[in-house]
Amino acid sequence: MSDNTAAMSTTKERRGLTRPQMAWRAAQDIFDGAYVNLGIGIPEMVARFVPEGREVIYHTENGVLGFGPPPEPGEEVPELINAGKKPITLNPGASFFHHADSFAMIRGGHIDICILGALQVGDNGDLANWSTGAKDAVPAVGGAMDLVAGVRRVYVIADHVTSRGEPKFLHRCTYPLTGAGVIQRIYSNLAVLDITPEGFLLRETAPGVTVEELRELTDAPLAVAEDLKTIEAPSLS
Amino acid sequence: MSDNTAAMSTTKERRGLTRPQMAWRAAQDIFDGAYVNLGIGIPEMVARFVPEGREVIYHTENGVLGFGPPPEPGEEVPELINAGKKPITLNPGASFFHHADSFAMIRGGHIDICILGALQVGDNGDLANWSTGAKDAVPAVGGAMDLVAGVRRVYVIADHVTSRGEPKFLHRCTYPLTGAGVIQRIYSNLAVLDITPEGFLLRETAPGVTVEELRELTDAPLAVAEDLKTIEAPSLS
Amino acid sequence: MIDKRVASAAEAVADIGDGATVMIGGFGEAGSPIELIHALIDQGATDLTVINNNTGNGQVGLAALIAAGRVRRMICSFPRGTSETAFPDLYRRSRIELELVPQGTLAERIRAGGAGIPAFFTATSAGTPLAAGKEHRVFDEREYVMERCLTADFALVKAERGDRLGNLVYNKAARNFGPIMCMAAATAIVQVSETVEAGALDPEHIVTPGIFVKRVLQVETPQLESALIAQGATYP
Amino acid sequence: MIDKRVASAAEAVADIGDGATVMIGGFGEAGSPIELIHALIDQGATDLTVINNNTGNGQVGLAALIAAGRVRRMICSFPRGTSETAFPDLYRRSRIELELVPQGTLAERIRAGGAGIPAFFTATSAGTPLAAGKEHRVFDEREYVMERCLTADFALVKAERGDRLGNLVYNKAARNFGPIMCMAAATAIVQVSETVEAGALDPEHIVTPGIFVKRVLQVETPQLESALIAQGATYP
């Protein structure tokens, strides 16, 4: 459970993709048979948009593998919750296990994909998503550090800039790190960026967003893929 | 599983207690409610002689807690075996678990008493029971090192001298160690010895065995308890 | 005959002394042993070190124990709860200490404590402020942090069913920290909704073998934090 | 749809290459995946590193794999079996390497491999020849030995029931090394006596969640070493 309040910032002046569209775009990269851990917030939405025909097994670090969508109202079971403490259901073939076994799945590299929110991502793959380093804040980290250290593919879903217009994707994070060199891909409202040994590589842009704009809103050099694409997301809000 | 072939040496010229009597004597020290792991050979016999009214839970390192006596002939189940690979039964309240959990019980100090055989015991509590260091032997250790390192009270049942008449209890072991400073008590055919910070302390003698004889058959100084007792074992063979 | 059952919550927690380290099970309200925690509040022990993933919810259970000023130090991964203000208030006033531990490292440290492993290495937190001051080490070209095990004098845990020997099964995701806390505490105290005869639990299905459990208390209809919070309940 | 079931033992082990590290479950005959081992003998992979508690029994299963000269190196705690001479013969002729590991350290190294723990400390073997050359360290006035994790390219495991997702339950003490070997191997291959529908295994009772398993082979009536040895069977 990570503190991604920044990712939940106000929607005013947002451009590009809606949040469901960001989740939709991330969902296209989840392959059939993947074991997936989704962070709290927008990442949770990803499960809704995985293309039909792909079977995905969801893991939640509090000790459930193979959970399904939220229950119907009135069907909630207090002992059947996810890491965000929200009610879940079970798919056939689900299992329960204790916390050490659950994090053995994470730390041991058994989860294929983790998607979470971010305060900042460095072009070296560093992630900051648990603390702004504010002196008066009560620090809280949850399982974010374990997830980014242990999962094979760690992706970020986050707005490209903060509600105050500051770039979230930058050469080096200024906030305390969650993990060093852990992020492979970013899904923002404006673009899909890969982190490569040479830094950010722009793969896809949201409709109407130019490379020049993205260079302005990204605080690090931005290479552009030869086959740069436009994200064609369905209408979702 | 430890190699205690030495403890199985021929009985000719043995004096003092029979092997069942040695096991009987050890059994008197197993307290009500104890979690106990018994090594292969004579230690296994101990379970037969625990005084009535004491409930003892037996652990076997291959992953069973709460097993009972051997099954009737014909009732053996290939998947229900102990660390010696011999068939067992289950008592009500038994449980199965995997090897790492089983040794967590051992290493984590959750087993109260372990009783095993010995090639040698030093008066500093060192135990040698897995190898004579012979060059041509195939070394094999099993769970003995884990047991002696992890269990709270580790007791030895072994003849006082080898079949060639050599003392097994000595100042320092000459064979490769199973563990250093791990033994608290020895039940031999001739005596009960405690290991104290000052070395061997003679607590009890078998009927007809004198302190002088024991000093001769023990290759280390032997202090004598003020309340030295004679073992009064039932007739068992 | 071994019989680990105790008659009352007060009896179950009677010997928890001032200064004790107490692991408390649960993740959110799932698995939270509210009745045992309330008995601990009644009992009066103070200056406690408490290990739990969070810091409780509302003004009941762990949050109430903290609010009552009984906890000197929290070891947890996420010191925030639902409608819970006791911890942040005390923390900002430096009236409670916090050791912040990544959730998986917390779980593994507890498991190590139960398994007799004094220390282990993990990549979790390497390169972050939470690894500051810890020993680092490279294995196979990757950097790891050395973490020490966690043990406790007592664990308070909630399970679903138990027998006189202390064998336990849990209820869904309420299993969470229960099994490993039972392993890591010298005295694991468990409240169960139902006690059953020894032998009634299938040996293949037992999650916590009785060897890890010292006391079993039946609480037939345990309270739920969410219900208590909805009622605006406070404890004591 | 995820379907980890494979049609034959030959298919299950087809991609095990020369030089692979293979964990093989079982303690004595309980849990020994004989059909998978025999398929591996047929398949021909050689120069293997094998991790198992023992070295097989009789002239079938693991003992036959060793006798066939396919194993370059054994990592085990007790390289002795029933009516088994392949390992000692090869060992005395320096035709097979042996890494002797205390049984609990072996189990914990495997578990660590599955849990992403590169190294840990244990008191087991401290002060003995098996700790020679290993890093020692004192924690709280007691001496410990640092042990590295064990991982494998493949695991061959026998369980009782499994589903298309790889969820498993075991049979009594045949559970032994199965769950941790499934965790520690890149490709865990499991033979089960029965395959069942996803959802047929109670989520509370699953011992190995499917995430740790890559292939499931149904072998309805698996052979038992003791019966084969009684028949004087040899393989191939």
Atom group of A:Ala94 that falls short of 4.5 Å from chain C, counting heavy atoms: neither
Side-chain touch A:Phe96/C:Asn176, heavy atoms, less than 4.5 angstrom: no
Contacting moiety of C:Tyr170, where chain A heavy atoms sit under 4.5 Å: neither
Side chain / backbone / both / neither for C:Arg109 at chain A, heavy atoms under 4.5 Å: neither
Taking every non-hydrogen atom, the tightest pair across C:Glu108 and A:Ala100: OE1-CB, 4.3 Å
Best-contacting candidate, C:Cys76, C:Ala131, C:Pro179, against chain A by heavy atom pairs under 4.5 angstrom: C:Pro179
Engaged part of C:Phe177 at the chain A interface, taking heavy atoms whose separation is under 4.5 Å: both
Main-chain N/O of C:Gln103 paired with A:Asp146 side-chain donor or acceptor, under 3.5 Å: yes
Toward chain C, the part of A:Val77 with a non-hydrogen atom under 4.5 Å: side chain
Residue selection (most heavy-atom pairs with chain A, distance under 4.5 Å) from C:Ile110, C:Leu130, C:Val207, C:Leu224: C:Leu130
Chain C contact via A:Ser95 - side chain, backbone, both or neither, heavy atoms under 4.5 Å: neither
Nearest non-hydrogen partners of A:Gly179 and C:Thr128, listed with the distance: N-CG2, 4.0 Å
Non-hydrogen atoms of C:Pro129 and A:Pro176 that approach each other most closely: CG-CB, 3.5 Å
Contacting moiety of C:Val101, where chain A heavy atoms sit under 4.5 Å: backbone
Backbone N/O of A:Pro139 and side chain of C:Arg80: donor-acceptor pair under 3.5 Å: no
Short side-chain donor-acceptor distance under 3.5 Å, A:Lys85 and C:Asn57: no
is_close_aromatic(A:His99, C:Phe27), centroid dist under 6.0 Å: yes
Leading residue by heavy atom contact count with chain A [cutoff under 4.5 Å; candidates C:Ala173, C:Gly127, C:Ala123]: C:Ala173
Nearest atoms (heavy-atom pairs only) where C:Gly104 meets A:Arg107: O-NH2, 3.0 Å
Inter-residue atom distance C:Glu29.CD - A:Glu79.CD, 0.5 Å rounding: 7.5 Å
Chain C interface, residue from A:Val64, A:Ile81, A:Thr60 that has the most non-hydrogen pairs under 4.5 Å: A:Ile81
Among C:Leu106, C:Ile180, C:Thr124, residue most engaged with chain A (heavy-atom pairs, under 4.5 Å): C:Thr124
Part of C:Leu98 lying under 4.5 Å from any heavy atom of chain A: side chain
Atom pair OG1/CZ of C:Thr122 and A:Phe103 - distance to nearest 0.5 Å: 10.5 Å
Heavy-atom pair of closest approach, residues C:Pro102 and A:Val141: CA-CG1, 3.8 Å
Any donor-acceptor N/O pair, C:Arg92 side chain to A:Asp136 backbone, under 3.5 Å: yes
C:Arg95 atom CZ, neighbour heavy-atom count above 12 within 6.0 Å: no
Structural part of A:Asp126 lying under 4.5 Å from a heavy atom of chain C: neither
Proximal to chain C - members of residues 191-202 of chain A, heavy-atom separation under 4.5 Å: none
Which portion of C:Thr105 sits near chain A, non-hydrogen atoms under 4.5 angstrom: both
Heavy-atom pair with the smallest gap, counting every atom of C:Phe78 and A:Gly142: CD1-N, 3.5 Å
